[in-house]
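Have a look at the structure below before the remarks.
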Amino acid sequence: MSREWSAALLLGIAFIPMLLEARRSAANERTLRARGAVEPADDVYRAMQLAYPACFLAVVVEAWVRGGGFGAVALVGALLFASAKALKYWAIATLGERWTFRVLVPPASTRTGGGPYRVLRHPNYVAVVGELLGFAMLGQAPIAGVAAIAGFGALLLARVRVEERALGLRSR
C-alpha cells in the first residue's frame with residue numbers, strides 16, 4: 001500500500017468516528033443546556049478540542065514520513081484501538097444524553113454507577129488513552145504516540161478534576 005493510501009486510511013479510521021462523536025455530543029449538549037445544565041468555567045475543553053484531533057493528525061504525519069507497512073505492531077494497535085472504541089461507546093451508551101465533549105452538569109446530577117462505570121471511574125478517558133496508544137501502534141508512530149499520550153493525558157487529568165469538582169466528588 002502506498003504512503004498516500006496508508007495516510008488516507010489512517011485519516012478515515014481516526015476522523016470518521018470523531019466526526020460522528022462530535023455530532024452526537026452536540027445534540028446531547030443542546031438537550032442538556034435546554035434542561036438547565038451548567039458548564040464549569042475552568043474546564044479545559046478548548047485545549048482538548050484542538051489537541052485531540054491534533055494527536056491523531058501527528059500520528060498520521062509520522063506514519064506517512066516513516067512509510068512503514070502494516071505488520072504485527074499495527075495489527076495489535078488496530079485491535080487495541082477497536083477495543084478502546086468499544087469501551088468508549090459502552091460509556092457513551094451508559095451515559096446516554098448526558099455524554100458530551102463538554103462537562104455539562106444538569107440540575108440534581110449524580111455520578112453514574114452503571115455499565116463500565118461499575119468498574120472504572122472514568123471509562124471514557126481510559127478509552128481515549130487506549131485510542132491514542134492503539135492508533136500510534138497502528139500507524140507505527142512512536143514519537144507522536146508518546147507525545148500524544150503525555151500531552152493529552154495531562155489534559156485528561158485536568159478534565160477529571162474539573163468534572164469531579166462539578167459533580168461534587170473528590171478525585172481519587
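Values in this document were obtained by computation on a predicted structure and should not be read as measured data.
The hydrophobic cluster containing Leu133 does not contain Leu157, counting ILVMFWY residues as joined when their side-chain heavy atoms lie under 4.5 angstrom apart, directly or transitively. No continuous path of hydrophobic side-chain contacts links Tyr89 to Leu87 [ILVMFWY only; heavy atoms under 4.5 Å]. Under the 4.5 Å side-chain heavy-atom criterion for grouping Ile, Leu, Val, Met, Phe, Trp and Tyr, Ile149 is not connected to Val61 through any hydrophobic cluster. When hydrophobic clusters are built by joining Ile, Leu, Val, Met, Phe, Trp and Tyr residues whose side-chain heavy atoms come closer than 4.5 Å, directly or via intermediates, Met137 is not grouped with Trp64.
Ion pairing between a basic and an acidic side chain is recognised when a charged N comes within 4.0 Å of a carboxylate O; Glu21 and Lys85 show such pairing. Between Arg161 and Asp42 there is no salt bridge, since no side-chain N of the basic residue sits under 4.0 Å from a carboxylate O of the acidic one. Here Arg121 pairs with Glu164 in a salt bridge; the nearest charged N to carboxylate O distance falls below 4.0 Å.
The line from CD of Glu39 to CD of Glu29 is 7.0 Å long, rounded to the nearest 0.5 Å. Taking OH from Tyr52 and CG from Leu156, the interatomic distance works out to 9.5 Å, rounded to the nearest 0.5 Å. If you take CG on Leu95 and OG1 on Thr100, they are separated by 9.0 Å, rounding to the nearest 0.5 Å. Between the CG atom in Leu120 and the CH2 atom in Trp90 there is a gap of 8.5 Å [rounded to 0.5 Å]. The structure places CD1 of Ile92 at 9.0 Å from CG of Asn28, a figure rounded to the nearest 0.5 Å.
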May I have the step-by-step check of side-chain contact (heavy atoms from CB on, under 4.5 Å) for Val128 and Phe152, ending in yes or no?
CA-CA 9 Å; Val128 168; Phe152 204 74; 3.6 Å; yes
Next on the checklist: Please determine whether side-chain contact (heavy atoms from CB on, under 4.5 Å) holds for the pair Thr110 and Leu167, giving the CA-CA distance in whole Å, both sets of side-chain angles, and the decisive distance to 0.1 Å.
Outcome noted: CA-CA 7 Å; Thr110 59; Leu167 287 170; over 6 Å; no
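The minimum heavy-atom distance between Leu132 and Ala148, with the atom names listed, is CD1-O, 4.0 Å. Closest non-hydrogen pair, Pro40 versus Ala166, comes out as CG-CB, 3.7 Å. In terms of heavy atoms, Ala141 sits closest to Ala63 at CB-N, 4.3 Å. Minimum heavy-atom separation, Ser109 to Arg98: OG-NH2, 3.4 Å. Residue Thr112 comes nearest to Tyr117 through the heavy atom pair O-CB, 3.4 Å, listed as atom of the first residue, atom of the second, then distance. Closest heavy-atom contact between Gly115 and Thr94: CA-OG1, 3.6 Å.
Residues satisfying the side-chain contact (heavy atoms from CB on, under 4.5 Å) test with Leu50, not counting sequence neighbours, are none. Scanning for side-chain contact (heavy atoms from CB on, under 4.5 Å) contacts around Ser83 gives an empty result, with sequence neighbours left out. Shown here are the salt bridge (charged side-chain N to carboxylate O under 4.0 Å, His left out) partners of Glu62, two or more places apart in sequence or in another chain: Arg66. Residues meeting the side-chain contact (heavy atoms from CB on, under 4.5 Å) test with Ala93, sequence neighbours left out: none. With sequence neighbours left out, the ring-ring contact (aromatic ring centres under 6.0 Å, His included) criterion links Phe135 to Phe56, Phe81. Every residue meeting the ring-ring contact (aromatic ring centres under 6.0 Å, His included) condition with Tyr125, not counting sequence neighbours, appears here in chain and number order: His122. The ring-ring contact (aromatic ring centres under 6.0 Å, His included) search around Trp99 returns Phe101, not counting sequence neighbours. Shown here are the ring-ring contact (aromatic ring centres under 6.0 Å, His included) partners of Tyr45, two or more places apart in sequence or in another chain: there are none. Here Arg159 pairs with Asp43 under the salt bridge (charged side-chain N to carboxylate O under 4.0 Å, His left out) rule; sequence neighbours left out. For Gln140, the side-chain contact (heavy atoms from CB on, under 4.5 Å) criterion is met by Val73, Ala74, not counting sequence neighbours.
Although no hydrogens or angles enter the test, the distance criterion places no donor-acceptor pair under 3.5 Å between the side chain of Arg118 and the main chain of Gly113.
Within the 4.5 Å cutoff, the side chain of Val38 has no heavy atoms near those of the Arg33 side chain. Looking only at side-chain heavy atoms (C-beta outward), Lys88 and Pro123 stay at 4.5 Å or farther from each other.
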Under 3.5 Å, side-chain donor or acceptor atoms of residues 7-19 against the rest of the protein: list the pairs with distances, not counting sequence neighbours.
none

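In the hydrophobic clustering (ILVMFWY side chains linked at under 4.5 Å, chained through shared members), Leu32 is joined by Leu104.
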